[in-house]
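First up is the structure itself, then whatever we jot down about it.
Scope of the values below: all heavy atoms of this structure, side chains included, with no hydrogens, waters or symmetry mates. What you see is a predicted model, and the numbers here were worked out from it, not measured in a lab.
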Amino acid sequence: MEYQDLLSGFVRLHVLHHAAEGDLHGLWMIEELARHGYKVSAGTLYPMLHSLEKKGYLASRIERVGRTHRRIYNATPYGLVALEKTKEKAKELFREILADSTA
C-alpha cells in the first residue's frame, strides 16, 4: 500500500468503525477496504486485527463455518469510546485540511 505509514491509521479507524457496527471477519474486511481503494493483504490485516484486540479495541470469538473456523471481531466498550474520540479529532483535522485547500 503506497503511503502505508500515513494510511495505516485510516485503515485502523475503518476497521474499528465496522467493528462498532457489528460482526466482521478478516476476508470481509479486506474486501471492504478494497472497495475504498485500500489494497491490504492478509499478512497486513490479520496482525493489525490481533494488535487492535491486544490493545483492547476489539474482542473476538471463533465461529464454525462449514468445516473451518472463522475469527469474528467486534468493538469493545473501550473501542467504542476510542472511536468517538477519534471521530472528533478526525472532524477537526479534516476541517483544517479542507479549509487550507480552498485558499
Side-chain angles (χ1 to χ4, degrees):
M1 184 169 58
E2 193 172 9
Y3 311 113
Q4 182 174 351
D5 55 334
L6 295 175
L7 294 176
S8 64
F10 288 117
V11 171
R12 283 179 179 81
L13 287 175
H14 207 110
V15 169
L16 190 55
H17 165 75
H18 284 292
E21 290 183 326
D23 292 350
L24 67 85
H25 59 88
L27 180 58
W28 179 86
M29 197 68 235
I30 289 170
E31 292 169 351
E32 171 64 12
L33 289 167
R35 281 191 285 275
H36 293 280
Y38 298 101
K39 294 178 183 173
V40 179
S41 70
T44 297
L45 182 69
Y46 287 106
M48 185 182 293
L49 290 170
H50 294 244
S51 174
L52 289 169
E53 183 174 22
K54 185 177 180 181
K55 292 175 182 175
Y57 299 113
L58 301 178
S60 71
R61 67 185 186 281
I62 303 293
E63 285 189 0
R64 186 177 180 106
V65 179
R67 293 184 178 183
T68 187
H69 293 86
R70 176 179 287 163
R71 186 170 295 274
I72 305 295
Y73 294 89
N74 288 101
T76 63
Y78 179 70
L80 294 174
V81 170
L83 181 60
E84 287 308 308
K85 295 286 185 185
T86 55
K87 281 181 183 179
E88 292 169 18
K89 293 297 185 184
K91 286 177 188 176
E92 179 183 323
L93 175 62
F94 293 143
R95 276 192 300 269
E96 191 170 320
I97 290 171
L98 295 174
D100 286 349
S101 67
T102 59

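Side-chain heavy atoms closer than 4.5 Å link hydrophobic residues (I, L, V, M, F, W, Y) into clusters, and following such links, even through other members, never connects L80 to L13. L52 and F10 fall within the same hydrophobic cluster, defined by Ile, Leu, Val, Met, Phe, Trp and Tyr side-chain heavy atoms under 4.5 Å apart, directly or through other members. Grouping the Ile, Leu, Val, Met, Phe, Trp and Tyr side chains by contacts below 4.5 angstrom, directly or via other members, places L6 apart from V15.
Closest approach of R67 and R64 over heavy atoms only: CA-NH2, 4.2 Å. Nearest heavy atoms, A19 versus L58: CB-CD2, 3.4 Å. Minimum heavy-atom separation, T86 to L83: OG1-O, 2.9 Å. A pairwise comparison of heavy atoms in Y78 and K55 identifies CE2-O, 3.6 Å as the closest pair. Nearest heavy atom pair, residue L49 against residue G26, reads CD1-CA, 4.1 Å. Considering every non-hydrogen atom in both A59 and T76, the closest pair reads N-CG2, 3.6 Å.
Between K87 and E84 there is a salt bridge, with a side-chain nitrogen of the basic residue lying less than 4.0 Å from a carboxylate oxygen of the acidic one. Ion pairing between E92 and R95 fails under the 4.0 Å rule for side-chain N and carboxylate O.
Rounding to the nearest 0.5 angstrom, the gap separating the CG atom in L45 from the CZ atom in R12 is 10.0 Å. Here NE2 of H69 is found 15.0 Å from NE2 of H25. Values are rounded to the nearest 0.5 Å. For the atom pair CD1 of I30 and NZ of K39, the computed distance is 14.0 Å after rounding to the nearest 0.5 Å. A distance of 13.5 Å separates CG of L93 from NZ of K91, quoted to the nearest 0.5 Å. Taken to the nearest 0.5 Å, the CD1 atom of I72 stands 7.5 Å off from the CG atom of L24. Taking CE of M48 as the reference point, atom CE of M29 lies at 9.5 Å (rounded to 0.5 Å).
Residues T44 and V11 form no side-chain contact, since every pair of their non-hydrogen atoms from C-beta on lies 4.5 Å or further apart. Counting only heavy atoms from C-beta outward, the side chains of L27 and R70 never approach each other to under 4.5 Å.
Using bins of under 30°, 30° to 60° and over 60° for the plane-to-plane angle, the ring pair H18/H14 lands in the tilted bin.
Judged purely by atom type and a 3.5 angstrom limit, S60 has no side-chain atom pairing as donor or acceptor with the backbone of R71.
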